Amino acid sequence: MKLDLLGDRQRTHYCGELRKEHAGKTVFLAGWVDVRRDLGNLIFLDLRDHTGRTQIVCNPAISAAVHDRADEVRGEYVVGVEGEVVVRGPGTVNPTLATGEVEVMAHTLLVLNEAKTPPFPIEDEIKTSEETRLRYRYLDLRRGRMQRNLRLRHRSSQVVRAHLSEHGFQEIETPFMTRSTPEGARDYLVPSRLHHGQFYALPQSPQLFKQLLMIAGFDRYYQIVRCFRDEDLRADRQPEFTQVDIEMAFPQREVLFDIIERLVEKLFALVDVKVERPFRRMPYDEAMEKYGSDKPHTGFGLEWKRISLAADDAGKVRVAEPIKGLRVPGWSGASRSQLDKLQETAKSLGADWFSYIKVTDADTQSPLVKPLGKPAVEALAASMEAQPGDLVLLLGLKSATSISAFRMLDNASGELRLDIARKLELIKPGTWNFLWVVDFPMFDYDEKEKRFAAMHHPFTSPREEDLEKLESDPGSVKARAYDLVLNGSEIGGGSIRIHRQDVQRQVFKVLGLSEEKARERFGFFLDALEYGTPPHGGIALGHDRIIALMAGEASIREVIAFPKTASAIDMMCESPAGVEQEQLDELGLSIKEV
RNA sequence: GGGGACGUAGUUCAGCUGGUUAGAACGCAUGCCUGUCACGCAUGAGGUCGCGGGUUCGAGCCCCGUCGUCCCCGCCA
């Protein structure tokens, strides 16, 4: 079809703007045809842009040319309309449309471009598979919902920049082509053409660079920065994702927390959520004991308690102490199959001892009554403060062997808690539970490798009072690390760093990293530490996760313009992809068949 | 690496115990229609049942393999 030229015409309004007070005005609108309703001699077009929709009337009595043109137009055609804003007649007002009180009588209709029929409808709520949406992401992004999500993302970034600038933070860019540090996540590698056999690595985070900026005297730094991790994906994990990376010199944890809390308050104000400050602080040990998670969802009750059995009762029911108990209010009516399912879940998570007590007005029922006797069971229920109508779940290990076994028990208790909360629909949407988890252990003992590993990262400072335990009892050393948790998901994490060489060396020693190895990996950084490093610390916030939570989306893919699938593939441009032999030759690479 | 769910028209799905011509809705096309806004009415087009192999007289359905998507575990300092 013959297309019209835009010429020097400019839009006078967006498609979502026109109201009654514009009546009588001649306007020029442009956008996409959302829908066309052809009543024969009268054609309505809904014209759409990112602001909304306006009804265009193509009446041959006004202009035969416009009507003829409208006859040829289809969904998603790009058109420009010049016409007069008129107030709609009685009975033709559309109250579901913001512009529904008016319409535009078209004098001129320019068809600026045609469009193929899209593979799925361009509307907010669609059932189309994500696969198809991602293949045609440019059409998916045309949908109002995605427009809102990405525009919210823009405003979030603006808020971050304004807030941190206000507090004296400097935005400084750090390199994407850097050096592989084979600790932590797998790196994405970039082969070097000039240096065959050598590789850059894309940063998992700008951790070392931001610390170097503190050494360089920038005092306060931030960056909204892409990070890359070559690990398996999830709904809340992408191979490239964005962090709000923050670092400050001479830090006091509470000062940093306050800056972050105020930032979070401003961010959530964008979606009309009032955030209560200050956030609760919870030691890691408490989080693990009560919630069985280092990122507990505290928005509903259900807290585990460590309990021990009287005298030799543990032996009678063949469980190792301590066991964990959970009071589930009002669930004494739990069915056999529900309990069986819970037990199965517990077992699959490593907690191989499971029992329960049903407390009712009439009776106290439990598989433990037989081996322990009723009074003991009733005492147990009482110690859990169980009321009639409650169910008490008990979780344990048949034989406890190690610290990691107890960690497994904690993890299982945490999963079970969430499982029950979902089953009983205790997690209410629209509640926002912010929480700082603090006092993480410094090290995690790796049972298989028989060595300690850094729980956060090897540059995290131990608590000052724990310094002398680094050598004698590393397992009990607490780190000056913290996580920011919202509704059971980790939205940020950071620490006060090590600024002293001697401490850094000791930590490497605990980690079993020899002087040479450490030098090989982080030599430049260890050198820098020697030139007057100020105490410093910071945090990295998960930008994608925070925006997804604000937008009410279950997956961060919904707030990323061009995300990848769970197998790290871009459905649209079909990356990764092979390259020309010539390119490989230039890089000195050859592909090995496996 | 492991577990689960799924894969049929452009889209979302149905398809019985294996049975002969694979359906529906929406979308799309054509025609009619001057107040629609989920327009209406009529007609029509549209299928490599993900792919490969096997069993069978016969496979969308059963078996084996494979590819892909989503969710979870491991992993993600």
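Since we're looking at a predicted model, the values are computed, not measured. Residue numbers start from 1 in every chain, and the chains themselves are labelled A, B, ... in the order their sequence lines are given, proteins ahead of strands.
Nucleic acid contact for Pro458(A): base, since at least one base atom lies under 4.0 Å from a heavy atom of the residue. Within the 4.0 angstrom heavy-atom criterion, only backbone atoms of the sugar-phosphate kind lie near Thr117(A); the bases stay farther away. As judged by a 4.0 angstrom heavy-atom cut-off over every strand, Ser567(A) is placed among residues touching the sugar-phosphate backbone only. Residue Ala566(A) is classed as a sugar-phosphate contact, given heavy-atom separations below 4.0 Å to backbone atoms only. Residue Asp38(A) is classed as a base contact, given a heavy-atom separation below 4.0 Å to a base. Across all strands shown, Glu131(A) has heavy atoms under 4.0 Å from sugar-phosphate atoms exclusively, and none from any base. At a threshold of 4.0 angstrom between heavy atoms, the contacts of Asp230(A) with the nucleic acid are absent. Nucleic acid contact class of Arg557(A) (heavy atoms, under 4.0 Å, all strands): sugar-phosphate only. Base engagement by Glu103(A) is indicated by at least one non-hydrogen atom pair under 4.0 Å involving a base atom. Heavy atoms of Arg74(A) sit under 4.0 angstrom from primed sugar atoms or phosphate atoms, though from no base atom.
The CZ-P distance, from Arg37(A) to rG40(B), rounds to 11 Å in whole Å. A straight line from CG of Leu233(A) to P of rG74(B) spans 15 Å, rounded to a whole angstrom. Look at CG on Asn411(A): it is 10 Å from P on rC75(B), rounded to the nearest Å. We find that NZ of Lys341(A) is positioned 14 Å from C1' of rG4(B), with the value rounded to whole Å. Computed from coordinates, the Leu39(A) CG to rC39(B) P distance equals 11 Å when rounded to whole Å.
Across all strands shown, nothing is found opposite rC33(B) as a Watson-Crick or G-U wobble partner with both distances under 3.5 Å. Under the Watson-Crick or G-U wobble criterion, with both distances below 3.5 Å, rG68(B) is paired with rC6(B). rC62(B) and rG54(B) make up a base pair, with Watson-Crick or G-U wobble contacts both under 3.5 Å. The partner of rC28(B) is rG44(B), by the rule that a Watson-Crick or G-U pair needs both atom distances under 3.5 Å. Of all nucleotides present, none satisfies the Watson-Crick or G-U wobble test against rC16(B) with each distance under 3.5 Å.
Taking atom P on both nucleotides, rU66(B) is separated from rG4(B) by 15 Å, rounded to a whole Å. rC32(B) and rG19(B) are spaced 44 Å apart, taking the P atom of each and rounding to whole Å. Spacing of P atoms, rC16(B) relative to rG7(B), comes out at 12 Å, to the nearest Å. Taking the C1' atom of each, rU30(B) and rA22(B) are spaced 26 Å apart, rounded to whole Å. Atom name P, nucleotides rG3(B) and rA38(B): the rounded distance is 48 Å, in whole Å. Taking atom C1' on both nucleotides, rC6(B) is separated from rG44(B) by 33 Å, rounded to a whole Å. With P as the reference atom, rG15(B) and rU8(B) are 14 Å apart, rounded to whole Å. The separation of rU43(B) from rA24(B), taken at their P atoms, amounts to 13 Å, rounded to a whole angstrom.
One finds no salt bridge joining Asp352(A) and Lys347(A) here, because no Lys/Arg side-chain nitrogen approaches an Asp/Glu carboxylate oxygen to under 4.0 Å. Under the 4.0 Å criterion applied to side-chain N and carboxylate O atoms, Arg145(A) and Asp124(A) are not assigned as salt-bridge partners.
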Next item on the list: Please step through side-chain hydrogen bond (donor to acceptor under 3.5 Å, both in side chains) for the pair Asp245(A) and Tyr221(A), ending with a clear verdict.
Entry: CA-CA 8 Å; Asp245(A) 196 43; Tyr221(A) 141 95; 2.9 Å; yes
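With ring centers used as reference points, Phe228(A) lies 6.0 Å or more from Phe241(A). No close placement of the His499(A) and His536(A) rings is indicated, their centers lying 6.0 Å or farther apart.
Between the Glu425(A) side chain and the Arg422(A) main chain, no donor and acceptor come within less than 3.5 Å of each other.
At a threshold of 4.5 Å between non-hydrogen side-chain atoms, the residues Asp483(A) and Val438(A) do not count as touching.
Residue Arg36(A) places no side-chain atom within donor-acceptor reach of the base of rC37(B), judged by atom type and a 3.5 Å distance cut-off alone. Side-chain N/O atoms of Arg88(A) and base N/O atoms of rC37(B) include a donor-acceptor pair closer than 3.5 Å. In this model, a side-chain donor or acceptor of Arg234(A) finds a partner on the base of rG74(B) within 3.5 Å. Donor-acceptor pairing under 3.5 Å, judged by distance alone, is absent between the side chain of Arg229(A) and the base of rC76(B).
A stacking contact links Phe44(A) to rU36(B): the aromatic ring centre lies within less than 5.5 Å of the base's six-membered ring centre, and the planes differ by less than 30°.
The residue among Gly75(A) and Glu415(A) whose nearest nucleotide of RNA chain B is located toward the 5' end is Gly75(A).
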